[in-house]
Amino acid sequence: MAAYNPASIEPKWQKFWLEHNTFATESISTKPKYYVLDMFPYPSGEGLHVGHPEGYTATDIVARYKRARGFNVMHPMGWDAFGLPAEQYAIKTDTHPSVVTRKNIQRFRSQLQAIGFSYDWQRQVDTTDPGYYRWTQWIFTLLHDTWFDDRQNRGRPISELIEEFSSGRRQPADGVQWKTLSDADRRRILEKYRLAYQLEAPVNWCPALGTVLANEEVIDGKSEVGGFPVERRPMRQWMLRITAYARRLLDGLAALEWSESLKLMQRNWIGESQGARVRFAVAGEHLEVFTTRPDTLFGVTYMVLAPEHPLVNLCGPDVKIPAAWPAGTPETWRGQNPAPTPRAAIAAYQLATAARSERQRQEDTRKTGVFTGLYAVNPVNGDSIPVFISDYVLAGYGTGAIMAVPAHDERDFEFAQLFGLPIRPVVRPADGAEPKLPLTEGGIAFNSPWIDGLATDEAKNKICEILESKGIGSREVTYRIRDWLFSRQRYWGEPFPIVHLPDGTTVALADDELPLRLPEMTDFKPTQTMEPPLSKAGAWCHVHVQLIGPAENPRARVVPPGTAGAIAARRELNTMPQWAGSCWYYLRYLDPHNTGALCDPAVEKYWMSSPAGVDMYVGGAEHAVLHLLYARFWHQVLFDRGLVSSPEPFRKLINQGLILGEAEYTLFRDAAGKPVSMDDVDPEWTSRPGSDGKVQFVSRRRSDGAEVYASPVEPDQVERRGDVAVLKTEPEIRVDARSFKMSKSRGNVVNPDDVIRDYGADSLRLFEMFMGPLEQVKPWSMAGVEGVYRFLGRVWRHLAGAADFPSRIVEHRSGRYYLRGQPLNEEQTRAALEERESLLRPLHRTIRKVTQDIERLSFNTAISAMMEFNNLLGKPETLDRDQMLTFVRLLEPFAPHMAEELHQILTGAARSLTELPWPEYDESLCADDTVDLPVQINGKLAGRVMIDAGWADGEVLARVLADERIQSRLAGRPMKKHIYVKGRMLNLVVQG
RNA sequence: GCCCGGGUGGCGGAAUUGGCAGACGCUCAGGACUUAAAAUCCUGUGACCGUUUUCGGUCGUGCGGGUUCGAGUCCCGCCCCGGGCACCA
């Protein structure tokens, strides 16, 4: 047989699987279901890097294993293909994004197929396909048609809200009478309840990208994509009311099999705070604040509003701000260049705040602010307290206003000191220690007539009761999470299925108008005017519609102009963010070609109800908050609206760890080229473009601040000394040793295509899994790939033979044994049977280990177990064919191409190995009859003694005490007691 | 600053429930095959000490303490690394 040659066998089996539809999934089956899902990729222009196949290989192993265990397995793949990078690239190269996207998808798919993943490609989804985004738009209309009922804690159809309003069971906010309203006014009221609504709000506007970004897409005041500066600007935007589901999103986490750290990240993001809402009187109005420390109400010495707070609005007829400074207003309260009036001071401050980017606001936390000229009344003691505005109070959180308690809050403390405001302590440490202000922890209340002497927790409860009874406040839970800014001023996304009517109201398109296709445009560049690119789509932007359905809640159908009752309307010109398509793709895989529903209910029920949700979802931790929170939100709405049968989409979730580049050694040299030891180098490097086009990494010498320059060092010039690496030739020079995240600029990206070319897909798969635990960060190593490649080569040699190494496979046919077609004589047969017998226990142990390790996703140890078994195959004269087939079956999920080929060689069968069931192991064959038992004396290893595994405590002790070596180690000391752990070890406890 | 996760040979890692620390692989060294090299196969590879081969001993899982017959594993205190959040009242 020829040597192991992955380049010939891998394409052969990939073709076979595709042609035979080997991995087709039944939409509904009598078999139990198993849904194992990968986070679908964004098909970037760069193609795959070795990080992608890590999670994909893990899920593929599980998928192949579960199929062998008799499950109907859903294991699909698709493309999250809308989004910024393709559009940016399209703009740069003047190609249409759909062309770029199609090309990238083809590249990704051929790369994935070359790795031999067992996806059911007939279920592939593409978020940019109108047949797909039709349903993304449909779900948007569902969100638009849903309101959140706080009483029932669930989303309900808008029609039921109308019912409640018209029956009088519920009163619309603002105290209006539903019955007296016009249809248009009713529509305006309903818009305030819909889960999809519009809001004029300060948004993160990124001039370079020409779009608004979600809070989550802004990192350190710069855009996550591209790293461009982001500024705040007011703009009308579509929002999704995710805050209504905050409680549900929080509660739902408990039942999920996610890592605790991931759940915690989501909990922190949602950010629940228990506290109270308290009403202060100011300028004849109620000013509400949210506080988590109502027990410090008696310590309030001033108030602060966000600069955007409605009370300090200077436009319109009802300005509350006084025209002149109250007598005695200190100079320092009047703004930077003391303003002549409070209104001037506020206007100037508001302008300054708007001009400050998010980044500046985060970097510079020095307190600024101006006095509003207003005084508020503290409801608990009647104190008159000044009201300020300051940008340390955020408009979007709580009520956008705070009661300031400088004695017990660091920010208020800092502000009070700056503005010379009184600081009144009302909590002292419980242990009687000298209070150091600000005291932000709990303690004992004092100077607080209603709650003096109470500990903080009791004081909070007590004061809430009093506030509620007096009608000046109430308990309240506030969430940090904001509503989700859902619109983008870009071309390459789903158009909103929405039209704007001349009366200013907004109507969703009727279902049969979907999909609303993205218009073909040659000029899809951002406009620079904050108008979306779709504004350049000409006739597409303007339509005539007929309203159908109930007058308060109609849908729009596009009709030719001049049709009776047609209204001229304007299309919504924003598009949806990239997250939209990924919020529900896991449902579309179940029924990808359905044109009548996003998914057939019976199919959904089969896959998503028992056990509930996706059985295993694997992806990168970078999606820990955003994608996973958004998808859960949509799923919960779909659940409330009866479209899915599980409350949560992803029952079990695994984050694969990042794969870093190969370990690198870096030596720093000064300008003269003299090596500088790392001890003397600032660990914060910076990079800049070097003269040769590559990136030059630069740092500073600590001793004199001079610039030093990084240069790579070959591993063989370096020696490890404990925690540090030094130059072999100059051991006093320490070099930097670490692995870096793969990036194009660093030039350490490993392309899976190259690995496949040199070692084959099976080696790639095996090494991806052998590197270490799935969830851990691990450095890549080509030498390691070579290691697993050698392992596969040895398996091949053992089972298929080689030119210099004939096959030793012994086959049992009609009562006789054959080796290479020749029957064995009696003696040879006996020897062969003996060799089979000697491999029996190791084989069963290997089956058990591989089975258990796949179940617990410990793929690296499963591979070790197979390596250990393979290491036993070199010595015997003969190998039993059936035993070897069992071994090949175990190998299949990991190295499927080689396993298929070996199966064919061993059996001659033309069928796929994947049709064979997973091998069973016999527990009694996993344990040895005799054990070389470690014996300890006082917990230290003193020797070993052979015993029978079945022996009782007494028998073992007798045998051990009879052992000469143990006797000499005991040296006659009297034994106090012994501890025997069956089959594991024996500990003798003696004096001394 | 706050909240998580983690520190085991030269390297990646193993030890599933408190019970033989270092499985498996890489690296390196020696040997076989070869005219030679590569590939392949075999042997060894935590540190230190003694015998200087067989063998035996001591130490050893970031550091310091504790619990236990027994600790990589549990508890307390520190150090370092990685990740997340960060004016959220």
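We name chains A, B, ... by the order of the sequence lines, and we start the count at 1 in each one.
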**Student:** Using a cut-off of less than 4.0 Å, is there contact between a side-chain N or O of A/S259 and OP1 or OP2 of B/G5?
**Tutor:**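 So the side chain of A/S259 is outside the cut-off, no N or O lying under 4.0 Å from OP1 or OP2 of B/G5.
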
**Student:** Using whole Å, what does the distance between atom C1' of nucleotide B/A89 and atom CZ of A/F415 come to?
**Tutor:** 14 Å

**Student:** Once you apply a heavy-atom cut-off of 4.0 Å, does A/S781 come out as touching a base, just sugar-phosphate, or nothing?
**Tutor:**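 The answer is nothing, as A/S781 stays clear of every strand by at least 4.0 Å.
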
**Student:** In sequence, state the C-alpha distance, the side-chain angles, and the governing distance for A/K367 and A/D412, and then conclude on salt bridge (Lys or Arg N to Asp or Glu O under 4.0 Å).
**Tutor:** CA-CA 9 Å; A/K367 301 289 172 285; A/D412 297 347; over 6 Å; no

**Student:** Please determine, for the side chain of A/Y397, which listed nucleotide (B/C87, B/G13, B/A89) has the closest atom?
**Tutor:** B/A89

**Student:** Between the side chains of A/Y4 and A/R794, does any donor sit under 3.5 Å from an acceptor?
**Tutor:**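 No pair is found: no donor N or O on one side chain lies under 3.5 Å from an acceptor on the other.
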
**Student:** Using atom P of each nucleotide, how far apart are B/U73 and B/U17 to the nearest Å?
**Tutor:** 15 Å

**Student:** Kindly indicate, with the supporting measurements, whether the criterion salt bridge (Lys or Arg N to Asp or Glu O under 4.0 Å) is fulfilled by A/E868 and A/K849.
**Tutor:** CA-CA 11 Å; A/E868 284 181 75; A/K849 181 77 178 151; over 6 Å; no

**Student:** Find the distance A/Y665:OH to B/G10:P and express it as a whole number of Å.
**Tutor:**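 In whole Å, B/G10 P lies 12 Å from A/Y665 OH.
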
**Student:** Rounded to the nearest Å, what distance is computed from the CD1 atom of residue A/I947 to the P atom of nucleotide B/G19?
**Tutor:** 17 Å

**Student:** Without swapping roles, check the side chain of A/Q967 against the backbone of A/L961 for a donor-acceptor pair under 3.5 Å.
**Tutor:** yes

**Student:** Rounded to the nearest 0.5 Å, what separates atom CG in A/L857 from atom CD1 in A/I61?
**Tutor:**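 It comes to 9.5 Å.
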
**Student:** Is it the case that atom CD in A/E410 sees more than 12 heavy atoms from other parts of the structure closer than 6.0 Å?
**Tutor:** no

**Student:** Test A/R765 against A/E768 for salt bridge (Lys or Arg N to Asp or Glu O under 4.0 Å), laying out the working first.
**Tutor:** CA-CA 5 Å; A/R765 295 171 58 112; A/E768 294 264 0; over 6 Å; no

**Student:** Between B/A89, B/C87, B/G12, which one does the side chain of A/K367 approach most closely?
**Tutor:** B/C87

**Student:** Can a side-chain donor-acceptor contact be found between A/N870 and A/H798 if the only test is distance below 3.5 angstrom?
**Tutor:** yes

**Student:** Rounding to the closest angstrom, what is the interatomic distance between B/G83 and B/U16 at atom P?
**Tutor:** 28 Å

**Student:** If you round to the nearest 0.5 Å, how far is CH2 of A/W258 from CD1 of A/I654?
**Tutor:** 11.5 Å

**Student:** What about A/R984, does its side chain sit under 3.5 Å from the base of B/C20 through a donor-acceptor pair?
**Tutor:** no

**Student:** Please confirm whether the backbone N or O of A/V427 pairs with a side-chain atom of A/H408, one donor and one acceptor, at under 3.5 Å?
**Tutor:** yes

**Student:** Can you tell me, in whole Å, how much space there is between the C1' of B/G10 and that of B/U27?
**Tutor:**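 B/G10 and B/U27 have their C1' atoms separated by 7 Å.
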
**Student:** Identify all pairs in which a protein N or O lies below 3.5 Å from an N or O of nucleotides 58-61 of chain B, and state each distance.
**Tutor:**
from  : atom 1 : to     : atom 2 : distance (Å)
B/C59 : OP2    : A/K940 : NZ     : 3.3

**Student:** Classify the side-chain pair A/T861/A/S858 by whether it contains a donor and acceptor separated by less than 3.5 Å.
**Tutor:**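 Yes, side-chain donor-acceptor contact under 3.5 Å.
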
**Student:** Can a side-chain donor-acceptor contact be found between A/D483 and A/T243 if the only test is distance below 3.5 angstrom?
**Tutor:** yes

**Student:** On a whole-Å scale, what distance lies between the P atoms belonging to B/A47 and B/A29?
**Tutor:** 15 Å

**Student:** What's the gap between B/G7 and B/U61 when it is taken at their P atoms, as a whole Å value?
**Tutor:** 14 Å

**Student:** Quantified in whole Å, what is the C1' atom distance between nucleotide B/A39 and nucleotide B/A21?
**Tutor:** 35 Å

**Student:** Might you work through the ring pair (Phe, Tyr, Trp, His ring centres under 6.0 Å) test for A/F415 and A/Y302, ending with a clear yes or no?
**Tutor:** CA-CA 10 Å; A/F415 190 87; A/Y302 64 101; 5.4 Å; yes

**Student:** CD of A/E410 versus P of B/G1: gap in Å, rounded?
**Tutor:** 12 Å

**Student:** What's the gap between B/G25 and B/A14 when it is taken at their P atoms, as a whole Å value?
**Tutor:** 15 Å

**Student:** Could you tell me whether A/R965 contacts a base, only the sugar-phosphate backbone, or nothing, with contacts defined as non-hydrogen atoms closer than 4.0 Å?
**Tutor:** sugar-phosphate

**Student:** Please state whether the rings of A/Y789 and A/Y759 are parallel, tilted or perpendicular, taking 30° and 60° as the class boundaries.
**Tutor:** perpendicular

**Student:** Between atom NZ in A/K976 and atom C1' in B/U68, what is the gap in whole Å?
**Tutor:** 13 Å

**Student:** Looking just at side-chain N and O atoms, do A/Y921 and A/T846 make a donor-acceptor pair shorter than 3.5 Å?
**Tutor:**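 Result is no, nothing qualifies.
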
**Student:** Strictly under 3.5 Å: I want the nitrogen or oxygen pairs between protein and nucleotides 69-74 of chain B, one per line.
**Tutor:**
from  : atom 1 : to     : atom 2 : distance (Å)
B/C69 : O2'    : A/N987 : ND2    : 3.4
B/C69 : O2     : A/N987 : ND2    : 2.4

**Student:** Identify whether any heavy atom of A/S273 sits under 4.0 Å from a base atom; if not, whether one sits that close to sugar-phosphate; answer base, sugar-phosphate or nothing.
**Tutor:** sugar-phosphate

**Student:** For A/R366, does the CZ atom sit with more than 12 other heavy atoms under 6.0 Å from it, leaving out its own atoms?
**Tutor:**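 Counting other residues, nucleotides and ligands, CZ of A/R366 stays at 12 neighbours or fewer.
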
**Student:** Nearest to the side chain of A/N860, which nucleotide is it out of B/C26, B/G19, B/A14?
**Tutor:**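 Selected nucleotide (nearest to the side chain): B/A14.
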
**Student:** When rounded to the nearest 0.5 angstrom, what distance separates CE in A/M866 from CZ in A/F887?
**Tutor:**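 Those atoms lie 7.0 Å apart.
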
**Student:** What's the NZ-P distance between A/K778 and B/C26, to the nearest Å?
**Tutor:** 19 Å

**Student:** Taking the chi torsion of B/G9, is it syn (within 90° of 0) or anti (everything else)?
**Tutor:** syn

**Student:** Please work out which residues in residues 844-856 of chain A have a non-hydrogen atom less than 4.0 Å from an atom of RNA chain B and list them by number.
**Tutor:**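 Under 4.0 Å from RNA chain B: A/K849, A/R856.
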
**Student:** Starting at the 5' end of RNA chain B, which residue's closest nucleotide do you reach first, A/E868 or A/D412?
**Tutor:** A/E868

**Student:** Protein-nucleotides 82-86 of chain B N/O pairs closer than 3.5 Å?
**Tutor:**
from  : atom 1 : to     : atom 2 : distance (Å)
B/C85 : O2'    : A/R480 : NH2    : 2.9

**Student:** Give the B/S/- string for nucleotides 38-49 of chain B, one per nucleotide from 5' to 3', where a protein heavy atom under 4.0 Å of the base yields B, of only the sugar-phosphate yields S, and otherwise -.
**Tutor:** --SS--------

**Student:** Is there a donor in the side chain of A/N655 and an acceptor in the side chain of A/H623, or the other way round, less than 3.5 Å apart?
**Tutor:** no

**Student:** Between B/A32 and B/A38, how far is it from one C1' atom to the other, in whole Å?
**Tutor:** 15 Å

**Student:** Tell me which of A/E414 and A/V931 sits closer to the 5' end of RNA chain B, going by the nucleotide each one is nearest to.
**Tutor:**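 Counting from the 5' end, the first nearest nucleotide belongs to A/V931.
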
**Student:** Could you check whether A/D295 pairs with A/R293 (Lys NZ or Arg NE/NH1/NH2 to Asp/Glu carboxylate O, under 4.0 Å)?
**Tutor:** yes

**Student:** With the side chain of A/S261 defined as its heavy atoms from C-beta on, choose the nearest nucleotide among B/C4, B/A23, B/A89.
**Tutor:**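 Minimum distance to the A/S261 side chain belongs to B/C4.
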
**Student:** Does NZ or CZ of A/R277 lie under 6.0 Å from the centre of the six-membered ring of A/F290, at an angle within 45° of the ring axis?
**Tutor:** no

**Student:** Can you tell whether the side chains of A/E272 and A/R480 come within less than 4.0 Å, N to carboxylate O?
**Tutor:**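 Answer for the salt bridge query: no.
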
**Student:** Nearest to the A/F290 side chain among B/A89, B/C24, B/C4, which nucleotide is it?
**Tutor:**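 From the listed options, B/A89 comes nearest.
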
**Student:** Between which residue ranges does RNA chain B form stems of three or more consecutive Watson-Crick or G-U wobble pairs, both distances under 3.5 Å?
**Tutor:**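 Stem list for RNA chain B: B:1-7 with B:79-85, B:10-12 with B:24-26, B:28-32 with B:40-44, B:46-50 with B:55-59, B:62-66 with B:74-78.
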
**Student:** How close or far is atom C1' of B/U27 from atom CD of A/E662, stated in whole angstroms?
**Tutor:**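 Distance check: A/E662 CD to B/U27 C1' gives 12 Å.
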
